[in-house]
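Remarks on the structure that follows.
Keep in mind that this is a model prediction, so the values were computed, not measured. Just so you know, these numbers use all the heavy atoms, side chains as well, and skip hydrogens, waters and symmetry mates. Here is the naming used below: chain letters follow the sequence lines, and residue numbers restart at 1 for every chain.
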Number of protein chains: 2
Amino acid sequence: MNYSRQREVILNTLKSNVVHPTAEYLYSVLKETEPNISLATLYRNLNQLAENGIIKKIDGLDTSSHFDHNTHEHYHFICEKCGRVFDVSSDIAPNLVKKTEDETGFLINKYDIVFSGTCKDCLKNLE
Amino acid sequence: MNYSRQREVILNTLKSNVVHPTAEYLYSVLKETEPNISLATLYRNLNQLAENGIIKKIDGLDTSSHFDHNTHEHYHFICEKCGRVFDVSSDIAPNLVKKTEDETGFLINKYDIVFSGTCKDCLKNLE
DNA sequence: TATAAAATGAGAATTATTATTATTTTTGTA
DNA sequence: TACAAAAATAATAATAATTCTCATTTTATA
């Protein structure tokens, strides 16, 4: 993987983003500082960064992949009302990989837990 | 939801299927007995059945949704080598929903654990 | 049996993502 | 520093999975 300015900008933009953006959202933000960046470049780099373990790709939340600069073990929740994505502590499922590998005899390369429902704020608004 | 013969056939086909098929695969099987069935009808019914809790839609395994007639709590593993989908016992993550709801204060409606890696058979073939 | 609601088949449309390609940038070496 | 090979880019075409549209048919009910 050679250096590329675009990749650096993409990673920095993702890092400065508190949410768990989709490619489309990142693209809209990147356009401000990098008006000539191509959507293909964005996708290519996001995939490369994920393959190299520098970021994480989150699938199964909604129709798009989301991206996360936090590679520490944690899981995700998407609110069906407001669409926000939240982190869930890995404490909810201790030793998940070891347990599963022991139980199945499979070798695990990637895994994720994805929840959807109603977040605290949206529950409050329903009262 | 009114009765429809097509929906009944779709559900029966899914039930008699040991794998966790995609819509495309189900379509190819259904075509044999229901040559006029429409792909739109298949998708519409799979979604309806899932919304009504009669089947489960599994997302995040690969580029397509997979469908599962087994609605008991369990998780999934997809082998990156052979593409097969396996069930994983819910014992690997006890009290997952309660723990997560307690920890987050969110209301969980849907959740899933998805693993990918190499299955036992494919590991053996690598030796 | 008439009617309204729901479902269908066919195919167009949409959405997210990947592939193609000519050009540009990066990098290791002469 | 210049140069060639490898890698990356922008622009856009292509693809894959799924949903939408709509005229017609089926189902449930009064």
field: A:E51 with A:K57: basic N within carboxylate O range, under 4.0 Å
entry: no
message: Base, sugar-phosphate or nothing for A:Y43? Non-hydrogen atoms, less than 4.0 Å.
response: base
query: Taking OP1 and OP2 of C:dT18, is either one under 4.0 Å from a side-chain nitrogen or oxygen of A:N47?
result: yes
- prompt: Is A:E34 touching bases, backbone alone, or none of the nucleic acid, heavy atoms closer than 4.0 Å?
  reply: nothing
- request: Rounded off to whole Å, could you give me the CG-to-P distance for the A:L42 and C:dT18 pair?
  value: 11 Å
Base C:dA16 to side chain A:T63, donor-acceptor N/O within 3.5 Å cut-off: no
message: Distance alone, cut at 3.5 Å: any donor-acceptor contact between the side chains of B:H74 and B:D68?
response: yes
- request: Could you check how far CD of B:E24 sits from P of D:dT19, rounded to whole Å?
  value: 13 Å
query: To the nearest 0.5 Å, what is the distance between CG (B:L30) and CG (B:L39)?
result: 10.0 Å
B:R5 CZ - D:dA28 C1' separation (whole Å): 18 Å
- request: Please state whether the phosphate of D:dA17, meaning OP1 or OP2, lies under 4.0 angstrom from any side-chain nitrogen or oxygen of B:S65.
  value: no
statement: Comparing nearest nucleotides in DNA chain C, the 5'-proximal residue of the pair A:A40, B:R44 is B:R44
message: Strictly below 4.0 Å: does A:Q6 bring a side-chain N or O up to OP1 or OP2 of C:dT25?
response: no
message: Whole angstroms only, please: what is the CG-P distance between A:D62 and D:dT19?
response: 13 Å
- request: Please report, rounded to the nearest Å, how far the P atom of D:dA16 is from the NE2 atom of B:H66.
  value: 16 Å
- prompt: Nearest-Å distance, CG (A:L46) to P (C:dT18)?
  reply: 10 Å
- prompt: Is the phosphate of D:dT9, meaning OP1 or OP2, less than 4.0 Å from a side-chain N or O of A:S4?
  reply: yes
query: To the nearest angstrom, how far is A:L39 atom CG from D:dA8 atom P?
result: 18 Å
- line: In whole angstroms, the gap separating P of C:dG11 from CG of B:N36 amounts to 12 Å
message: Whether A:N45 contacts D:dT9 is assessed here as follows: a side-chain N or O lying under 4.0 Å from the phosphate OP1 or OP2. Is that the case?
response: yes
query: Does the side chain of A:N109 pick up a donor-acceptor pair with the side chain of B:E80 at under 3.5 Å?
result: yes
message: On DNA chain D, compare the nucleotides closest to B:S64 and A:T41; which residue's is nearer the 5' end?
response: A:T41
query: Taking everything shown except A:K99 itself, do over 12 heavy atoms lie less than 6.0 Å from its NZ?
result: yes
- prompt: Which part of the nucleic acid, if any, lies within contact of A:I37, taking any heavy atom under 4.0 Å across all strands shown: a base, the sugar-phosphate backbone alone, or nothing?
  reply: sugar-phosphate
